[in-house]
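In this text, all values refer to a predicted model and were calculated from it rather than measured experimentally. Letters A, B, ... are given to chains in the order of the sequence lines, protein chains preceding strands, and every chain is numbered from 1.
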There are 2 protein chains.
Amino acid sequence: MTNTEPKTEPTTEPRTTPVAGGRPTKQRLAVANVLSTFGDFRSAQEIHSLLTDSGEKVGLATVYRTLQLLADSGEVDVLRTEDGEAAYRRCSDSHHHHLVCRSCGATVEVEGPTVERWTKAIAAEHGYRDISHTLEIFGTCAACS
Amino acid sequence: MTNTEPKTEPTTEPRTTPVAGGRPTKQRLAVANVLSTFGDFRSAQEIHSLLTDSGEKVGLATVYRTLQLLADSGEVDVLRTEDGEAAYRRCSDSHHHHLVCRSCGATVEVEGPTVERWTKAIAAEHGYRDISHTLEIFGTCAACS
DNA sequence: ACTCGATTTGACAACCATTCTCATCTTGCT
DNA sequence: AGCAAGATGAGAATGGTTGTCAAATCGAGT
């Protein structure tokens, strides 16, 4: 079961609502907004560049802080690339995983009752509680082959 | 299907065979050997400490280099902790995943045809090739609950 | 055993993503 | 407007990891 191409297309209307329960400041809104201009994973630094390039003046530290807020509140997904950097992307609400293209970064959100069930079962079987898991699938997408 | 507690117990006899195709130097053997004194994931720095504490004089850079060699040749597993650090552990040959205890680090190797099959299917379904994936399950083990 | 070239090592500098500091600016509220 | 809590930004500080390069080591051939 996969959600057929929920490609998470960019949304258009800029947001004006509070961000992660904090104050809806210019900067936070700016960050929240760039996040909706792309559908794949970007590093904090890239996001910062996007902002400054588009004229928004937001400090790097603030970008990191905001991204963390958003991540904590579940508004964005975080994944660690193979070299340990964190990459962010706004995400839909449900729990899911990602199929990421190694060369272009194109991402497809995938969902799998199968895995969820499996991890829970495995964990329980070994007496582990409070289960959480991370699963990323890497490959080369059709366009990049 | 899980391999029932393949806890990867420490092995006893020190190794003297080549390491990852390179020269079997004192340092490399030393690293390869500490790796077999524990069964859970340790950071490169921890491994370095273990070495120096036990009297072995191996440079930190060398530990990193060796660990990378071993990882490339598939002799050790690498996983990224949630804060982006790399953790290493010698591994059995087969492809598998880990169930890691959040508080004590106890690790259980798990294996799952289910997931393997699932990821392959998903990927193919979206036209991705050369699939690889990472899956880590985190939880609190029985002893730590 | 001895030599020589290729590898490897180690001490330390360099990197780089991320976090911290803290003085200054904003926001929300009255 | 006025204030206190919260947020920002510039830059310093951290900390894991990688790069540098001269000196040490390995091992194949003699």
Side-chain angles (χ1 to χ4, degrees), chain A residues 15-35 41-73 75-89 105, chain B residues 15-35 41-73 75-89 105:
Chain A
R15 118 139 74 168
T16 54
T17 49
V19 175
R23 292 182 185 169
T25 61
K26 270 194 256 302
Q27 296 84 334
R28 290 187 182 171
L29 293 176
V31 173
N33 284 144
V34 248
L35 280 171
F41 284 90
R42 304 293 178 87
S43 72
Q45 316 249 4
E46 266 180 296
I47 293 177
H48 178 243
S49 296
L50 287 177
L51 282 170
T52 53
D53 286 356
S54 72
E56 299 285 349
K57 302 194 181 304
V58 185
L60 180 55
T62 302
V63 171
Y64 273 103
R65 281 186 290 237
T66 305
L67 247 17
Q68 234 160 243
L69 275 181
L70 292 170
D72 289 346
S73 73
E75 292 195 46
V76 304
D77 273 343
V78 194
L79 81 72
R80 290 275 170 185
T81 58
E82 288 176 22
D83 50 318
E85 294 173 67
Y88 307 81
R89 168 184 141 162
Chain B
R15 119 141 73 169
T16 53
T17 50
V19 176
R23 290 183 185 166
T25 60
K26 269 193 255 309
Q27 296 82 336
R28 291 187 180 169
L29 293 175
V31 172
N33 284 145
V34 249
L35 279 171
F41 284 90
R42 305 293 178 87
S43 71
Q45 316 250 3
E46 265 179 298
I47 293 175
H48 178 244
S49 295
L50 287 176
L51 282 169
T52 53
D53 287 356
S54 72
E56 299 285 350
K57 303 198 181 302
V58 184
L60 180 54
T62 301
V63 172
Y64 273 104
R65 281 186 289 238
T66 305
L67 248 16
Q68 236 161 239
L69 274 182
L70 292 170
D72 289 346
S73 74
E75 292 195 47
V76 303
D77 273 342
V78 193
L79 81 70
R80 290 274 171 186
T81 59
E82 288 177 22
D83 49 318
E85 294 173 67
Y88 306 81
R89 167 185 140 162

Which of E46(B), K57(B), E56(B) passes side-chain contact (heavy atoms from CB on, under 4.5 Å) with L51(B)? It is E56(B)
With the side chain defined as heavy atoms from C-beta on, R28(B) is closest, among dT9(C), dG9(D), dA17(C), to dT9(C)
Under 4.0 angstrom between T25(B) side-chain N/O and dT9(C) OP1 or OP2
yes
Against the side chain of L60(B), the closest entry in dT17(D), dA5(D), dT18(C) is dT17(D)
Here the distance between atom P of dT8(D) and atom NE2 of H48(A), to the nearest Å, is 13 Å
Result for side-chain contact (heavy atoms from CB on, under 4.5 Å) between H48(A) and one of L60(A), V31(A), D53(A), L67(A) points to L60(A)
Atom CD of E56(A) and atom P of dA7(D) are separated, to the nearest Å, by 19 Å
Among dG10(C), dT17(D), dT21(C), the one nearest any side-chain atom of R65(A) is dT21(C)
Per atom distances to the P24(A) side chain, the nearest of dG28(C), dT18(C), dT17(D) is dG28(C)
Taken in chain and number order and not counting sequence neighbours, the residues that satisfy salt bridge (Lys or Arg N to Asp or Glu O under 4.0 Å) with R42(A) are D40(A)
Considering only heavy side-chain atoms of Y64(A), the closest of dT18(C), dC12(C), dA7(D) is dT18(C)
Separation of dT9(C) atom P from L67(B) atom CG, nearest Å, is 12 Å
The helix from dA1(C)-dT30(D) to dT30(C)-dA1(D): angle between terminal helix axes, five bp per end, to the nearest 10 degrees, reads 30°
Notebook entry, point to check: If we only count heavy atoms from C-beta on, is the T52(B) to V58(B) side-chain gap below 4.5 Å?
Noted result: no
Here the distance between atom P of dT25(D) and atom NZ of K57(B), to the nearest Å, is 14 Å
In the structure I gave you, are the side-chain heavy atoms of F41(A) and T81(A) within less than 4.5 Å of one another anywhere? no
* Decide whether Y64(A) and Q45(A) meet the rule of one side-chain donor and one side-chain acceptor closer than 3.5 Å. => yes
The answer to which of R80(B) and K26(B) contacts DNA chain D further toward the 5' end, by nearest nucleotide, is R80(B)
Rounded to whole Å, CG of D83(A) lies from P of dG19(D) at a distance of 12 Å
note: L29(B), atom CG; dT9(C), atom C1'; distance rounded to Å ~ 14 Å
Distance check: side-chain N/O of Q68(A) vs OP1/OP2 of dT19(C), anything under 4.0 Å?
-> yes
| field | Side chain proximity check, D77(B) to Y88(B), heavy atoms < 4.5 angstrom | value | no
task = Measure the shortest side-chain to side-chain distance between L69(B) and R28(B) over non-hydrogen atoms and say whether it is less than 4.5 angstrom.
result = yes
For dG10(C), does OP1 or OP2 lie under 4.0 Å from any side-chain N or O of Q27(B)? yes
Atom CD1 of I47(B) and atom C1' of dG16(D) are separated, to the nearest Å, by 14 Å
Regarding the side chain of E85(B), the nearest nucleotide among dA5(D), dG16(D), dT9(C) is dG16(D)
Of the candidates dA17(C), dG9(D), dT17(D), the side chain of Q45(A) sits closest to dA17(C)
**Message:** Is there a side-chain contact between S43(A) and the phosphate of dA17(C), meaning an N or O under 4.0 Å from OP1 or OP2?
**Reply:** no
Rounded to whole Å, CG of L69(A) lies from C1' of dG6(D) at a distance of 11 Å
